[in-house]
Amino acid sequence: MKSVADLGDLSGKRVLIRCDFNVPLDADKNITDDGRIRAALPTLTALREAGARIVIMAHLGRPKGEANPKYSLAPVAARLGELLGVEVTLAADVVGESAQAAVAGLADGDVALLENVRYEPAEESKDEAARAELAARYAAFGDLFVSDGFGVVHRKQASVYDVAKLLPNAAGFLVAKEVGVLKQLTESPERPYVVVLGGAKVADKLSVIDNLLKVADTLVIGGGMLFTFLKAQGHSIGASLLDEANIETCKRYLEEAAAAGKTILLPVDVRVADGMDFDAREAVGEVATVAVDAIPDGKQGLDIGPESEKLFADAIKGAKTVFWNGPMGVFEIPAFAAGTAAVATALTEVDGLSVVGGGDSAAAVRVLGHADDEFGHISTGGGASLEFLEGKELPGISVLEEDN
Ligand SMILES: Nc1ncnc2c1ncn2[C@@H]1O[C@H](COP(=O)(O)OP(=O)(O)O)[C@@H](O)[C@H]1O
Ligand SMILES: O=C(OP(=O)(O)O)[C@H](O)COP(=O)(O)O
């Protein structure tokens, strides 16, 4: 993997860079945690100081191939401009006339941000030819490509993977740093090694458990995915998140873990309500704590309960290595933040290496009042770090090692 320093004289060169600026926004489009933008500053600053003309590709959320103002990068452009102390030109499209004009208008040290790359249907397409065609349009905007969006390196997408094949490339400082730290967890983690999983990307997270069971001693499961496990154990889960297609897989995981002498630690109680109003940051109906085998019909599980907080905190504090991705509940709503807060605090008390990964998990620890240096490392990637820890090849990284 080449570094930015190996790219030679960058003065006047157009550097196309993929960043992960998928930051949490509130209902008024205020960024609630700008950690991912800050994490990109070392590379962007170095490129600017070297006199490069910077063209940034990034996404926000999952707009599924359609332009949609809800997912515009406008709040990101404004915040990045403040942090860099320079105006960041936001193109109104991804590869259209506005993007072309923004790139053509760059002077040395200037920064342009293309609109959300996921407005383009080919960005996330499984059709390689469609992705390659879009990647060629991106590549026309740069003389060189830098990959610095660690949170997306597990995605085989046009702005992450295909474009890297078309230009001389290098890893940015963030990607290099993340890989360096996460290697410590794969090479010889001190045991007990506990992995804590939660969050809402249920299908993604369930698919990594197979391999994580091979490397970790204990898997602690909270967040949206816990309910598919409860269903697999025969419990009713009311209106909670369910990944129907993976109920049998969860049964298999529970059996495999038991056979291998590993532990899958599930909550014993959960906090439920009729639902939630995410924008208003409120529960809908009464919030109640119930045992996991007594979730009433129609109720939605939105956090782990107080007994589970203690159970999980003890498992975490007894570990020498802990990796945590995914909030335990809908922490953005105060009534459902206690589980995530308990896990975050337990991680700060680990006598060993504690790593938090993921956009929302990193946001959660900061929003809940923790400082970054209370943890061994805060990774900008959730899914990306999990796949790294599984030992999988990450397309956005392996492509950088190929000759071009
Ligand atoms: N029980 C639950 N039901 C619905 N959403 C949940 C639940 N628990 C956690 N979440 C949501 O999961 C989201 C984060 O998920 P995810 O993107 O997988 O994490 P990360 O960004 O850290 O990788 C948070 O916005 C949180 O509100
Ligand atoms: O937020 C992200 O990942 P994460 O939730 O795993 O930390 C990245 O921006 C990747 O987003 P994606 O999971 O929609 O591809």
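Just follow the structure's listing: the first ligand is 1, and inside any ligand the first atom is 1.
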How far is [atom] from the closest protein heavy atom, and which atom is that?
atom	answer
atom 4 (P) of ligand 2	Lys201 NZ, 3.5 Å
atom 22 (O) of ligand 1	Ser361 OG, 2.6 Å
atom 10 (N) of ligand 1	Gly329 O, 3.9 Å
atom 7 (C) of ligand 1	Gly224 N, 3.6 Å
atom 14 (C) of ligand 1	Asp360 OD2, 3.4 Å
atom 24 (C) of ligand 1	Glu332 OE2, 3.3 Å

Can you tell which part of Val330 has a heavy atom less than 4.0 Å from ligand 1: side chain, backbone, both or neither? both
Contacts of Phe375 meeting ring-ring contact (aromatic ring centres under 6.0 Å, His included) (sequence neighbours excluded), chain-then-number -> His370
Check this for me: does any side-chain nitrogen of one of Lys183 and Glu187 sit under 4.0 Å from a carboxylate oxygen of the other? no
For ligand 1, find out whether one of its N or O atoms is nearer than 3.5 Å to an N or O atom of Gly383. no
Looking at residues at least two apart in the chain, or sitting in another chain, which of them share a side chain to side chain donor-acceptor pair (under 3.5 Å) with Thr218? none
Heavy-atom distances under 4.0 Å are what count here, so tell me which part of Arg36 touches ligand 2: side chain, backbone, both or neither. side chain
Heavy atoms only, cut-off 4.0 Å: how does Glu124 contact ligand 2, side chain, backbone, both, or neither? neither
